[in-house]
A.B. asks: 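The following block contains the structure, expressed as structure tokens.
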Amino acid sequence: MVMLVLIHMYMYGADLYFWRRLRINYAFIFEFTPGTELRHREVLMVTSVLTTVLVGSMVGHLALHSVAKSPYVDFIPLGLVMLMVGILFFPLNILYRSSREFFLNSMLHIMAAPLYKVVLADFFLADQLTSQVPMFRNLQYVMCYYLGGFFKTGNADACFANDQYKGLTYLISLLPYWWRFMQCVRRYVDERDNAHIANGGKYLSALFAVAVRIQYGRNSAAVWAVMFVLSSIVATVYQVYWDLVVDWGLLRKESSNKWLRDQLIMPKKKFIYFLSMILNVLLRMAWLQSVTRFRFGTLDTQVADFIFAALEVIRRGHWNFYRLENEHLNNVGKYRATKTVPLPFEYPTNEDD
């Protein structure tokens, strides 16, 4: 669970680095308070420290398990989760409080959708949450395992037999898509642009596909298998089209850059855009693993699930770069009153090397 968040942070740090190198003014687009935005060095430093803490906790947990039989050794993973939550809500003006406040404020807007006007940072973060559904489900399991007292007996499967837990799984898994759908509804109400209805349809199709996938995982009857495949195909085609044509603004046949778009931040490296489109499509197809029951030899099922969850997080980080590039060049989301973006800060040459 924690590792999925850290992978996402590594991807965000990489995005910040390339946005900065290519003069994409992410601070202006996200409407960060001038001078408070985190640069890639800060993000990667924090992520590296947390990764070290994670690895140390894992080693300590395994070492204590080999010498102690107490069930309270299992509090080490819980302590790691509580540490990260504690850092996020830490009230003192240290540990990048302005950035933490910005994040929490954006989360409030997302969870309260459609009550708040949607700004780009809110929609952008909500999209990140749709790629972290496995993390939310793991968090649900952690709460059940510890609050239910199952750690005392080491019964790791007890939660999965609980009907309330099963019902809550649907809510946890579908909420990120519902929040994003409600944001689309709010934008349609504010702007009367039918594109937001079409965008909302994308999240509804994904919501339905996820719900059917959960049911198929519990009941592999033929009818659920057919519904799962059909709903996943529809949702995937919808998402791939929106990724490439709308969010990235590519596949423009009449463009001066054939099958791309007129304005590119890397006009001399057009092949990168084509490779990125192929990669995005391939990573969008990860749901096929649920149909084929593909496994990496004798690799544990949970490890395989983690790998596919991590691939989705990597896909999201990859998507982020081109989405913000298109926003920078074309104001595709219409979050700004003008297409013009001021030039980003000046960077000393030796800093970028």
A.B. asks: Do Y203 and L207 come close enough that some side-chain heavy atom pair is under 4.5 Å?
C.D. replies: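 Counting from C-beta outward, Y203 and L207 never come under 4.5 Å.
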A.B. asks: On a heavy-atom basis, which atom in S57 and which in I76 lie closest, and how many Å separate them?
C.D. replies: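 The pair with the smallest heavy-atom distance is O-CG2, 3.7 Å.
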A.B. asks: Determine yes or no for a side-chain-to-main-chain donor-acceptor pair under 3.5 angstrom, with S231 supplying the side chain and F228 the backbone.
C.D. replies: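 Flag set: sc S231 to bb F228 pair under 3.5 Å.
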A.B. asks: State, yes or no, whether a side-chain contact exists between Y96 and E42 at a heavy-atom distance under 4.5 Å.
C.D. replies: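 Y96 vs E42: side chains touch.
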A.B. asks: In Å, rounded to the nearest 0.5 Å, how long is the span from CZ of R261 to CG of L250?
C.D. replies: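 One finds 5.0 Å between CZ of R261 and CG of L250.
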A.B. asks: Between the main-chain N or O of L260 and the side-chain N or O of N257, is there a donor-acceptor pair closer than 3.5 Å?
C.D. replies: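 No, N257 side chain to L260 backbone: no donor-acceptor pair under 3.5 Å.
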A.B. asks: Group every Ile, Leu, Val, Met, Phe, Trp and Tyr by side-chain heavy-atom contacts under 4.5 Å, then state whether V245 and F123 land in the same group.
C.D. replies: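 Yes, because V245 and F123 connect within a single hydrophobic cluster, where side-chain heavy atoms sit under 4.5 Å apart.
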A.B. asks: Pairs under 3.5 angstrom only: tabulate donor-acceptor contacts from the side chains of residues 111-122 to other protein residues two or more places apart or in another chain.
C.D. replies:
residue: D122; atom: OD1; partner: S106; partner atom: OG; Å: 2.7
residue: D122; atom: OD2; partner: H109; partner atom: ND1; Å: 3.0

A.B. asks: Do D74 and H65 come close enough that some side-chain heavy atom pair is under 4.5 Å?
C.D. replies: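 The answer is yes, as the side chains (C-beta and beyond) meet within the 4.5 Å cut-off.
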A.B. asks: Evaluate V281 against L244 for side-chain contact (heavy atoms from CB on, under 4.5 Å), listing each step before the verdict.
C.D. replies: CA-CA 9 Å; V281 172; L244 304 184; 4.3 Å; yes
A.B. asks: With a 6.0 Å cut-off (strictly less than), is the heavy-atom count around OH of Y241, excluding the residue itself, greater than 12?
C.D. replies: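 Incorrect, the count does not exceed 12.
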A.B. asks: State plainly whether one hydrophobic cluster holds both V246 and V234, where clusters connect Ile, Leu, Val, Met, Phe, Trp and Tyr through side-chain heavy atoms under 4.5 angstrom apart.
C.D. replies: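 No, because V246 and V234 fall into different hydrophobic clusters, even though each may have its own neighbours under 4.5 Å.
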A.B. asks: Taking all non-hydrogen atoms of both residues, which atom of Q132 and which atom of L4 are closest, and how far apart?
C.D. replies: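 Of all heavy-atom pairs spanning Q132 and L4, the closest is NE2-O, 3.2 Å.
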A.B. asks: Examine the side chains of R316 and Q128 and answer whether a donor and an acceptor come within less than 3.5 Å of each other.
C.D. replies: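 Note: R316 and Q128 side chains miss the donor-acceptor criterion.
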A.B. asks: Answer yes if the side chains of N280 and W319 hold a donor-acceptor pair under 3.5 Å, and no otherwise.
C.D. replies: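 Checked: N280/W319 side chains show no N/O donor-acceptor pair below 3.5 Å.
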A.B. asks: Could you tell me whether K269 atom NZ has more than 12 heavy atoms of other residues or ligands within 6.0 Å of it?
C.D. replies: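 For K269, atom NZ is not crowded (no more than 12 foreign heavy atoms under 6.0 Å).
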A.B. asks: With H40 as reference, evaluate Y12, F18, Y17 under the ring pair (Phe, Tyr, Trp, His ring centres under 6.0 Å) test and give the passing residue.
C.D. replies: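 Testing each of Y12, F18, Y17 against H40, the sole residue satisfying ring pair (Phe, Tyr, Trp, His ring centres under 6.0 Å) is Y17.
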A.B. asks: Where do V46 and M9 come nearest, in terms of heavy atoms and distance?
C.D. replies: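 Smallest interatomic distance, heavy atoms only, reads CG1-CE, 4.1 Å.
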A.B. asks: Okay, side chain of R213, backbone of F208: is any donor-acceptor separation there less than 3.5 Å?
C.D. replies: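 Side chain of R213 to backbone of F208, a donor-acceptor pair under 3.5 Å: no, none is there.
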A.B. asks: Checking side-chain polar atoms at under 3.5 Å, does Y273 have a donor or acceptor matched by the opposite partner on E325?
C.D. replies: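 E325 and Y273 do have a side-chain donor-acceptor pair below 3.5 Å.
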A.B. asks: Check for a donor-acceptor pair, side chain of E37 on one end and backbone N or O of G35 on the other, with a separation under 3.5 Å.
C.D. replies: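 Indeed, once roles are kept as given, a pair shorter than 3.5 Å links the two residues.
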A.B. asks: When you group the ILVMFWY residues by side-chain heavy-atom contacts below 4.5 Å and let the links chain together, are M3 and I87 in the same group?
C.D. replies: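 Yes, it is one cluster - the side chains of I87 and M3 are joined through contacts under 4.5 Å.
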A.B. asks: Answer whether the closest heavy-atom distance between the side chains of Q140 and F136 falls below 4.5 Å.
C.D. replies: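 Of all side-chain heavy-atom pairs linking F136 with Q140, none is under 4.5 Å.
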A.B. asks: Measuring from R97:CZ to L88:CG, what's the distance to the nearest 0.5 Å?
C.D. replies: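 Output value for this atom pair is 13.5 Å.
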A.B. asks: Is the shortest side-chain heavy-atom distance between Y188 and N194 below 4.5 Å?
C.D. replies: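 In short, these two side chains touch, coming nearer than 4.5 Å.
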A.B. asks: How far apart are the C-alpha atoms of L80 and V53, what are their side-chain angles, what is the distance that settles it, and do they pass the side-chain contact (heavy atoms from CB on, under 4.5 Å) test?
C.D. replies: CA-CA 8 Å; L80 180 62; V53 173; 3.7 Å; yes
A.B. asks: Salt bridge or not for E312 and R315, using N-O below 4.0 Å?
C.D. replies: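 Salt bridge: yes.
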A.B. asks: Indicate the atoms forming the closest heavy-atom contact of S173 with T169, along with that distance.
C.D. replies: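 What the structure gives for the nearest pair is OG-O, 2.8 Å.
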A.B. asks: Can a side-chain donor-acceptor contact be found between H318 and S276 if the only test is distance below 3.5 angstrom?
C.D. replies: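 Per modelled atom types, S276 and H318 side chains form a pair under 3.5 Å.
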A.B. asks: Between S255 and D262 (side chain of the first, backbone of the second, donor and acceptor by atom type, cut-off under 3.5 Å), is there such a pair?
C.D. replies: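 The answer is yes, because a donor-acceptor pair under 3.5 Å joins these two groups.
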A.B. asks: Just how far is it from atom CE of M45 to atom CZ of R41, taken to the nearest 0.5 Å?
C.D. replies: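 Between atom CE of M45 and atom CZ of R41 there are 11.5 Å.
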A.B. asks: List the atom of V5, the atom of M135, and the distance in Å for their closest heavy-atom pair.
C.D. replies: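 So the two residues come closest at CG2-CG, 3.8 Å.
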A.B. asks: Hey, are the side chains of Y141 and F160 touching, using non-hydrogen atoms and a 4.5 Å cut-off?
C.D. replies: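 Y141 reaches F160 side chain to side chain.
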A.B. asks: Can you measure from OG (S99) to CG (L104) and round to the nearest 0.5 angstrom?
C.D. replies: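 The distance works out to 11.0 Å.
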A.B. asks: I'd like to check L92 versus F90 (side-chain heavy atoms, cut-off strictly below 4.5 Å). Are they in contact?
C.D. replies: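 Contact flag for L92/F90 side chains = yes.
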A.B. asks: Say whether L95 and M84 are linked into one hydrophobic cluster, either directly or through other cluster members, by side-chain heavy-atom distances under 4.5 angstrom.
C.D. replies: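 Hydrophobic grouping puts L95 with M84.
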A.B. asks: Report, as yes or no, whether the 6.0 Å neighbourhood of atom CE on M58 holds more than 12 heavy atoms from other residues, nucleotides or ligands.
C.D. replies: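 No, because the 6.0 Å sphere around CE of M58 holds 12 heavy atoms or fewer from other groups.
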A.B. asks: Between N320 and M11, is a side-chain contact (heavy atoms from CB on, under 4.5 Å) present by the stated rule, with each step listed?
C.D. replies: CA-CA 9 Å; N320 289 344; M11 293 301 297; over 6 Å; no
A.B. asks: Without swapping roles, check the side chain of R218 against the backbone of K166 for a donor-acceptor pair under 3.5 Å.
C.D. replies: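 Between the backbone of K166 and the side chain of R218 there is a qualifying donor-acceptor contact (under 3.5 Å).
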A.B. asks: Taking atom CE of M143 as the centre, does the number of heavy atoms from other residues, nucleotides or ligands within less than 6.0 Å exceed 12?
C.D. replies: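 Counting neighbours around CE of M143, 12 or fewer heavy atoms of other residues, nucleotides or ligands fall under 6.0 Å, so no.
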A.B. asks: As a quick check of understanding, evaluate side-chain contact (heavy atoms from CB on, under 4.5 Å) for L22 and F321, giving each step before the final call.
C.D. replies: CA-CA 11 Å; L22 296 170; F321 173 82; 3.4 Å; yes
A.B. asks: I'd like to know if the side chain of N162 and the backbone of Y165 have a donor-acceptor N/O pair within less than 3.5 Å.
C.D. replies: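 Yes.
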A.B. asks: Ring centroids only, cut at 6.0 angstrom: are Y146 and F151 within range, meaning strictly under it?
C.D. replies: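 For Y146 and F151, the ring centres are under 6.0 Å apart.
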A.B. asks: Rounded to the nearest 0.5 Å, what separation is found between the OH atom of Y72 and the CG atom of L78?
C.D. replies: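 Separation between the atoms: 13.0 Å.
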A.B. asks: Taking A63's backbone N and O only, do any of them form a donor-acceptor pair with S66's side chain (distance below 3.5 Å, no angle check)?
C.D. replies: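 The answer is yes, because a donor-acceptor pair under 3.5 Å joins these two groups.
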A.B. asks: Testing L129, N199, I110 one by one against R180 for a side-chain contact (heavy atoms from CB on, under 4.5 Å), which residue passes?
C.D. replies: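 Among L129, N199, I110, the one that satisfies the side-chain contact (heavy atoms from CB on, under 4.5 Å) with R180 is N199.
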A.B. asks: Using 0.5 Å steps for rounding, measure from the OH atom of Y322 to the CG atom of D15.
C.D. replies: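 Between atom OH of Y322 and atom CG of D15 there are 10.0 Å.
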A.B. asks: Would you indicate whether the side-chain heavy atoms of W248 and M277 approach each other to under 4.5 Å?
C.D. replies: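 With C-beta onward as the side chain, the pair touches.
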A.B. asks: L171: what forms a side chain to side chain contact (heavy atoms under 4.5 Å, CB included) with it, not counting sequence neighbours?
C.D. replies: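 Once residues adjacent in sequence are excluded, the partners of L171 under the side chain to side chain contact (heavy atoms under 4.5 Å, CB included) criterion are L168, L175.
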A.B. asks: Give me the atom names and distance for the closest heavy-atom approach of N155 to Y145.
C.D. replies: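 Heavy atoms of N155 and Y145 come nearest at O-CE1, 3.9 Å.
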A.B. asks: Looking at F32, F30, F124, which one forms a ring pair (Phe, Tyr, Trp, His ring centres under 6.0 Å) with F102?
C.D. replies: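 Output: one option passes, namely F32.
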